[in-house]
Amino acid sequence: MNYWLVKSEPDSFSIDDLINQTNGTEMWDGVRNYQARNNLKLMQTGDLVFFYHSSCKQPAIVGVSEVVTSHYPDPTAENPQHSGYDPKHSPESPRWFVVDLKFKQKFNQPITLSWIKQQKALADISLISKGSRLSVMPIDSNHWHFIMESAK
DNA sequence: GCCAACGTTGGC
DNA sequence: GCCAACGTTGGC
(Lines give C-alpha, C1' and ligand atoms only; values in the text may rest on other atoms or scores of the structure.)
Protein backbone atom coordinates (compact mmCIF):
# COMPACT_ATOMS: atom_id res chain seq x y z
CA MET A 1 0.00 0.00 0.00
CA ASN A 2 1.43 3.33 -1.08
CA TYR A 3 0.53 6.97 -0.59
CA TRP A 4 0.32 9.65 -3.28
CA LEU A 5 -0.67 13.22 -3.97
CA VAL A 6 -2.42 14.53 -7.07
CA LYS A 7 -2.86 18.17 -7.98
CA SER A 8 -5.88 19.75 -9.55
CA GLU A 9 -6.84 23.32 -10.23
CA PRO A 10 -10.14 23.77 -8.38
CA ASP A 11 -11.43 26.03 -11.16
CA SER A 12 -11.15 23.04 -13.49
CA PHE A 13 -11.87 20.14 -11.15
CA SER A 14 -12.20 20.51 -7.39
CA ILE A 15 -12.73 17.95 -4.66
CA ASP A 16 -16.40 18.93 -4.66
CA ASP A 17 -16.52 18.01 -8.35
CA LEU A 18 -15.08 14.62 -7.41
CA ILE A 19 -17.79 14.18 -4.76
CA ASN A 20 -20.43 14.91 -7.39
CA GLN A 21 -19.23 12.29 -9.88
CA THR A 22 -21.15 9.04 -10.20
CA ASN A 23 -19.94 6.85 -7.32
CA GLY A 24 -17.60 9.72 -6.43
CA THR A 25 -15.26 8.25 -9.03
CA GLU A 26 -13.34 10.06 -11.77
CA MET A 27 -10.98 8.89 -14.48
CA TRP A 28 -7.77 10.82 -13.75
CA ASP A 29 -6.83 11.78 -17.30
CA GLY A 30 -4.60 14.39 -18.84
CA VAL A 31 -1.26 13.51 -17.23
CA ARG A 32 1.30 14.41 -19.91
CA ASN A 33 4.54 14.37 -17.97
CA TYR A 34 6.69 11.26 -17.98
CA GLN A 35 7.64 11.32 -14.32
CA ALA A 36 4.05 11.87 -13.25
CA ARG A 37 2.99 9.11 -15.63
CA ASN A 38 5.53 6.73 -14.15
CA ASN A 39 4.07 7.46 -10.73
CA LEU A 40 0.58 6.75 -12.08
CA LYS A 41 1.77 3.38 -13.36
CA LEU A 42 3.00 2.48 -9.88
CA MET A 43 -0.41 3.09 -8.34
CA GLN A 44 -2.32 0.06 -7.12
CA THR A 45 -5.91 -0.50 -6.13
CA GLY A 46 -6.37 0.55 -2.52
CA ASP A 47 -3.57 3.14 -2.50
CA LEU A 48 -4.61 6.41 -0.88
CA VAL A 49 -4.18 9.78 -2.57
CA PHE A 50 -4.14 13.29 -1.18
CA PHE A 51 -6.24 15.67 -3.28
CA TYR A 52 -4.40 18.98 -3.65
CA HIS A 53 -5.79 22.26 -4.96
CA SER A 54 -3.17 24.16 -6.95
CA SER A 55 -3.01 27.51 -8.75
CA CYS A 56 -5.66 29.05 -6.55
CA LYS A 57 -6.06 31.50 -3.66
CA GLN A 58 -5.24 28.96 -0.99
CA PRO A 59 -3.14 26.04 -2.27
CA ALA A 60 -3.90 23.14 0.05
CA ILE A 61 -4.48 19.45 0.55
CA VAL A 62 -8.25 19.32 0.82
CA GLY A 63 -9.01 15.63 1.22
CA VAL A 64 -8.35 12.01 0.38
CA SER A 65 -9.26 9.73 -2.51
CA GLU A 66 -8.60 6.08 -3.20
CA VAL A 67 -7.18 4.33 -6.26
CA VAL A 68 -9.90 1.97 -7.53
CA THR A 69 -8.30 0.72 -10.80
CA SER A 70 -4.79 -0.03 -11.87
CA HIS A 71 -3.54 2.11 -14.76
CA TYR A 72 -4.97 1.83 -18.26
CA PRO A 73 -4.42 3.80 -21.51
CA ASP A 74 -5.68 7.40 -21.48
CA PRO A 75 -8.56 7.58 -24.00
CA THR A 76 -8.22 11.36 -24.29
CA ALA A 77 -4.77 10.88 -25.84
CA GLU A 78 -6.41 9.02 -28.76
CA ASN A 79 -8.98 11.67 -29.51
CA PRO A 80 -7.85 14.29 -32.08
CA GLN A 81 -10.70 16.53 -30.90
CA HIS A 82 -9.35 16.51 -27.35
CA SER A 83 -6.79 18.97 -26.01
CA GLY A 84 -4.85 16.01 -24.58
CA TYR A 85 -4.45 14.39 -28.00
CA ASP A 86 -1.01 12.96 -28.71
CA PRO A 87 -0.40 11.53 -32.21
CA LYS A 88 2.41 9.40 -30.78
CA HIS A 89 -0.05 7.62 -28.50
CA SER A 90 -2.02 4.65 -29.84
CA PRO A 91 -4.07 1.83 -28.33
CA GLU A 92 -1.42 -0.61 -29.60
CA SER A 93 1.44 1.24 -27.96
CA PRO A 94 -0.05 3.57 -25.36
CA ARG A 95 2.14 6.36 -24.08
CA TRP A 96 -0.22 7.95 -21.54
CA PHE A 97 -2.26 6.36 -18.80
CA VAL A 98 -4.99 7.03 -16.26
CA VAL A 99 -6.27 5.51 -13.05
CA ASP A 100 -9.73 5.90 -11.52
CA LEU A 101 -9.87 7.82 -8.26
CA LYS A 102 -12.74 7.57 -5.81
CA PHE A 103 -13.65 10.20 -3.24
CA LYS A 104 -12.99 9.09 0.32
CA GLN A 105 -12.83 12.08 2.63
CA LYS A 106 -12.88 15.87 2.64
CA PHE A 107 -10.94 17.59 5.41
CA ASN A 108 -12.87 19.93 7.69
CA GLN A 109 -9.82 22.17 7.60
CA PRO A 110 -7.68 22.26 4.44
CA ILE A 111 -4.01 21.53 5.08
CA THR A 112 -2.58 24.63 3.46
CA LEU A 113 0.72 24.85 1.65
CA SER A 114 1.85 27.70 3.89
CA TRP A 115 1.16 25.57 6.99
CA ILE A 116 2.96 22.58 5.48
CA LYS A 117 6.03 24.75 4.89
CA GLN A 118 6.12 25.65 8.59
CA GLN A 119 6.17 22.05 9.84
CA LYS A 120 9.56 20.61 10.71
CA ALA A 121 8.09 17.12 10.37
CA LEU A 122 7.24 17.88 6.72
CA ALA A 123 10.48 19.64 5.80
CA ASP A 124 11.33 17.07 3.13
CA ILE A 125 7.86 16.29 1.79
CA SER A 126 7.89 15.88 -1.98
CA LEU A 127 5.30 18.64 -2.36
CA ILE A 128 7.79 21.35 -1.42
CA SER A 129 11.04 19.75 -2.57
CA LYS A 130 12.79 19.97 -5.92
CA GLY A 131 10.72 18.91 -8.89
CA SER A 132 7.60 19.71 -6.94
CA ARG A 133 5.71 20.70 -10.05
CA LEU A 134 4.78 17.10 -10.73
CA SER A 135 1.02 16.59 -10.81
CA VAL A 136 1.34 13.07 -9.39
CA MET A 137 3.87 12.40 -6.66
CA PRO A 138 4.55 9.86 -3.93
CA ILE A 139 4.08 10.74 -0.27
CA ASP A 140 6.14 9.11 2.50
CA SER A 141 3.99 7.22 4.99
CA ASN A 142 5.29 9.25 7.94
CA HIS A 143 4.32 12.48 6.14
CA TRP A 144 0.96 10.95 5.29
CA HIS A 145 0.18 10.04 8.87
CA PHE A 146 1.38 13.38 10.23
CA ILE A 147 -0.99 15.20 7.88
CA MET A 148 -3.88 12.84 8.61
CA GLU A 149 -3.44 13.44 12.33
CA SER A 150 -3.29 17.20 11.75
CA ALA A 151 -6.49 17.14 9.72
CA LYS A 152 -8.53 15.64 12.55
C1' DG B 1 0.73 39.23 -14.27
C1' DC B 2 5.46 37.91 -13.03
C1' DC B 3 8.95 34.75 -13.01
C1' DA B 4 11.71 30.71 -11.22
C1' DA B 5 12.17 26.10 -12.07
C1' DC B 6 11.72 22.94 -14.51
C1' DG B 7 10.53 19.75 -19.04
C1' DT B 8 10.39 19.27 -24.11
C1' DT B 9 11.67 20.04 -28.81
C1' DG B 10 14.51 20.15 -32.63
C1' DG B 11 18.60 21.83 -35.23
C1' DC B 12 23.20 20.70 -35.61
C1' DG C 1 24.40 14.00 -27.63
C1' DC C 2 24.45 19.03 -26.84
C1' DC C 3 22.03 23.03 -25.98
C1' DA C 4 19.19 27.10 -27.21
C1' DA C 5 14.60 28.23 -27.57
C1' DC C 6 10.32 27.58 -26.11
C1' DG C 7 6.36 25.92 -23.24
C1' DT C 8 4.32 24.79 -18.73
C1' DT C 9 3.57 24.81 -13.82
C1' DG C 10 2.25 27.06 -9.93
C1' DG C 11 3.34 30.14 -5.97
C1' DC C 12 3.27 34.80 -5.03
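Just so we're on the same page: letters track the sequence lines, and every chain starts at 1. Note that the structure is predicted; figures quoted are calculated from it, not measured.
- Only A:Leu113, A:Lys117, listed by number, bring a heavy atom of residues 112-122 of chain A to less than 4.0 angstrom from any atom of DNA chain C.
- With sequence neighbours left out, the side chain to side chain donor-acceptor pair (under 3.5 Å) criterion links A:Asp140 to no other residue.
- Between the CD atom of A:Gln35 and the P atom of C:dT9 there is a distance of 15 Å, given to the nearest Å.
- Separating the OH atom of A:Tyr52 from the C1' atom of C:dG11 is a distance of 8 Å, rounded to the nearest angstrom.
- For residues 83-100 of chain A, proximity to DNA chain B is found at no residue, defined as any non-hydrogen atom under 4.0 angstrom from a strand atom.
- Here A:Arg32 pairs with A:Asp74 under the salt bridge (charged side-chain N to carboxylate O under 4.0 Å, His left out) rule; sequence neighbours left out.
- Counting only residues at least two apart or on different chains, the side chain to side chain donor-acceptor pair (under 3.5 Å) pairs with a member in residues 46-57 of chain A are A:Trp4-A:Asp47.
- By the salt bridge (charged side-chain N to carboxylate O under 4.0 Å, His left out) test, A:Asp16 is found to be paired with A:Lys106, residues two or more places apart in sequence or in another chain being considered.
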Next item on the list: Starting at the 5' end of nucleotides 2-8 of chain C, put B wherever the base has a protein heavy atom under 4.0 Å, S where only the sugar-phosphate does, and a dash everywhere else.
Entry: ------B
Scan the side chains in residues 112-121 of chain A for donor-acceptor partners under 3.5 Å anywhere in the protein, sequence neighbours excluded, and list what turns up.
from, atom 1, to, atom 2, distance (Å)
A:Thr112, OG1, A:Ser114, OG, 3.3
A:Thr112, OG1, A:Trp115, N, 3.1
A:Gln118, NE2, A:Ser114, O, 3.4
A:Gln119, NE2, A:Trp115, O, 3.1

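- Partners of A:His71 under the ring pair (Phe, Tyr, Trp, His ring centres under 6.0 Å) rule, at least two apart in sequence or in another chain, are A:Phe97.
- Using a 4.0 Å heavy-atom criterion, one finds that A:Glu9 contacts no nucleic acid atom at all.
- When hydrophobic residues (I, L, V, M, F, W, Y) are linked wherever their side-chain heavy atoms come within less than 4.5 Å, the members clustered with A:Met27 are A:Tyr72, A:Val98.
- Residues passing the ring pair (Phe, Tyr, Trp, His ring centres under 6.0 Å) test with A:Trp144, sequence neighbours excluded: A:Tyr3, A:Phe50.
- Listed by chain and residue number, A:Glu149 satisfy the side chain to side chain donor-acceptor pair (under 3.5 Å) test with A:Lys152 (two or more places apart in sequence, or in another chain).
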